[in-house]
Asks: 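Once you've had a glance at the structure underneath, I'll fire off some questions.
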Number of protein chains: 2
Amino acid sequence: MTNDKDNTITGKITRALAERIIAGHIAPGTKLRQDYFAEEFGASHVPVREAFRRLEAQGLVVSEPRRGVRVASFDIAEVHEVAEMRASLEVLALRHAAPHLTAAILDAAEAINRTGENAADVRSWEEANRAFHRLILTPCGMPRLLTTIDDLHAASARFLFSGFRMEWEAPTDQDHRAILKALRDRQFDVAAATLARHVKWIGTKPGIKTRLKTPS
Amino acid sequence: MTNDKDNTITGKITRALAERIIAGHIAPGTKLRQDYFAEEFGASHVPVREAFRRLEAQGLVVSEPRRGVRVASFDIAEVHEVAEMRASLEVLALRHAAPHLTAAILDAAEAINRTGENAADVRSWEEANRAFHRLILTPCGMPRLLTTIDDLHAASARFLFSGFRMEWEAPTDQDHRAILKALRDRQFDVAAATLARHVKWIGTKPGIKTRLKTPS
DNA sequence: AGATTCGTTTTTATCTATAATTTTGAACCT
DNA sequence: AGGTTCAAAATTATAGATAAAAACGAATCT
């Protein structure tokens, strides 16, 4: 979505705000004032507004005309929704990527998976997790699909970072290992089914906060 | 995505441009100059820029920093990609919507289907087709999923209107009838499978222009 | 006291002006 | 002639200024 080589001020502001919202540094429902961020980034408010439009399309903020934008709130239903969408689309991507997966890619995925298992905090675990999924899905060669999946990952990460589980330990990622094994064995159906279950499971973790929506 | 009650100038420009791009009135690859549209809509170029950002997120235009935006080009691969994504996501939506489908909704869908079959041109057929899909999918109650599907429908419509088939006749929509029948019989798996096949078929129609990409 | 209206303040949305970058084209050199 | 360099023109990106709408609060009325 947001091109990494987008070096415009709008691009920088978009990335910075997306980062903060995903990390949970700005609470859901918070009103985002354009003048405030214009000053913070040493810019005028025009690029801030453009950043708002991008974030809006990504689903990270909601905008009411003449009333500004607020950080999007989300509830357990949306977490499920995103999980289901990811499951559907990542399976689709994997089906198309599978024939193009080389041993080298699978080795790299395994390495990243180990990195994730040794991660010290949620943040770096999520980064490794995202890299893992990206690595095995990218060869599908479907750019629109991949950017949509990226947006969904951002939404998932937001949930993950929302502190629904205070203490956190790096899990040995059994599912990832099973997916890789199935891919090596060319058992693509097994890999796809495992991936679907794996992604959907994220939305059903125990101990979920059900009240994240802001009282309107 | 774009809220219909968005009465801001940005909103109007966004809708007008999206309309034209989808209808094929502006050719893929065409450079969109902000000053031109600012004057046309009697506005300054700031809301035009915001509209560009929205269209960019929708995939209707592509933007290169400092070089402006162009109407997004698309090739046969992307048509397939969109069809596959629609198939996956519409099936997901239908699975969640199915339990909430009432006889009244199915009757309305059947009526819309007849409207489509009597359509005089591609334009009105597409409108009825889109209404049909929307009607049976909306009860899924997954807003994010529905807006994503809407964006994909826009991309599909763009392809449909791109004149890949000069003469056009309204088809009796056999698939739609089959889907409705399966839904009435509570055979949700049949309905889902038919829907998937139906949507994917769009990308495989004969007589497709394969050279829509602009020579870069 | 509680509600309501009106005016002030804050914030958004838009316009006009300026700066920076890219494109275009002509002159120049080989 | 063909290519290259440099300057002029066009266009994008951003800043600063203005207008309009909404939020807020105080004063008034019931």
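This one's a predicted model, so the numbers in the text were calculated from it and none came from an experiment. In what follows, every chain begins at residue 1, and chains take the letters A, B, ... in the order their sequences are listed.
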Asks: Looking at A:Glu127 and A:Arg123, does any basic side-chain N land under 4.0 Å from a carboxylate oxygen?
Replies: no
Asks: Hey, what's the ring geometry for B:His176 with B:His133, parallel, tilted or perpendicular (30° and 60° as the breaks)?
Replies: perpendicular
Asks: Report the distance from atom CD of A:Glu39 to atom P of C:dT12, rounded to the nearest whole Å.
Replies: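 Whole-Å distance recorded here is 14 Å.
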Asks: Please confirm whether A:His80 and B:His96 have ring centers closer than 6.0 angstrom.
Replies: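 Centroid distance A:His80-B:His96: not below 6.0 Å, so no.
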Asks: Can you name the atoms? Protein N/O to nucleotides 11-15 of chain D N/O, anything below 3.5 Å, with the distance.
Replies:
from, atom 1, to, atom 2, distance (Å)
D:dA13, OP1, B:Arg66, N, 2.7
D:dA13, OP2, B:Arg49, NH1, 2.6
D:dA13, O4', B:Arg66, NH1, 3.2
D:dT14, OP1, A:Ile9, N, 2.8
D:dT14, O4, B:His45, NE2, 2.8
D:dA15, OP2, A:Ser44, N, 2.5

Asks: Looking at A:Glu40 and A:Arg20, does any basic side-chain N land under 4.0 Å from a carboxylate oxygen?
Replies: yes
Asks: Can you list the residues that meet the side chain to side chain contact (heavy atoms under 4.5 Å, CB included) rule with A:Arg67, with sequence neighbours excluded?
Replies: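 With neighbours one apart ignored, the set is A:Glu64.
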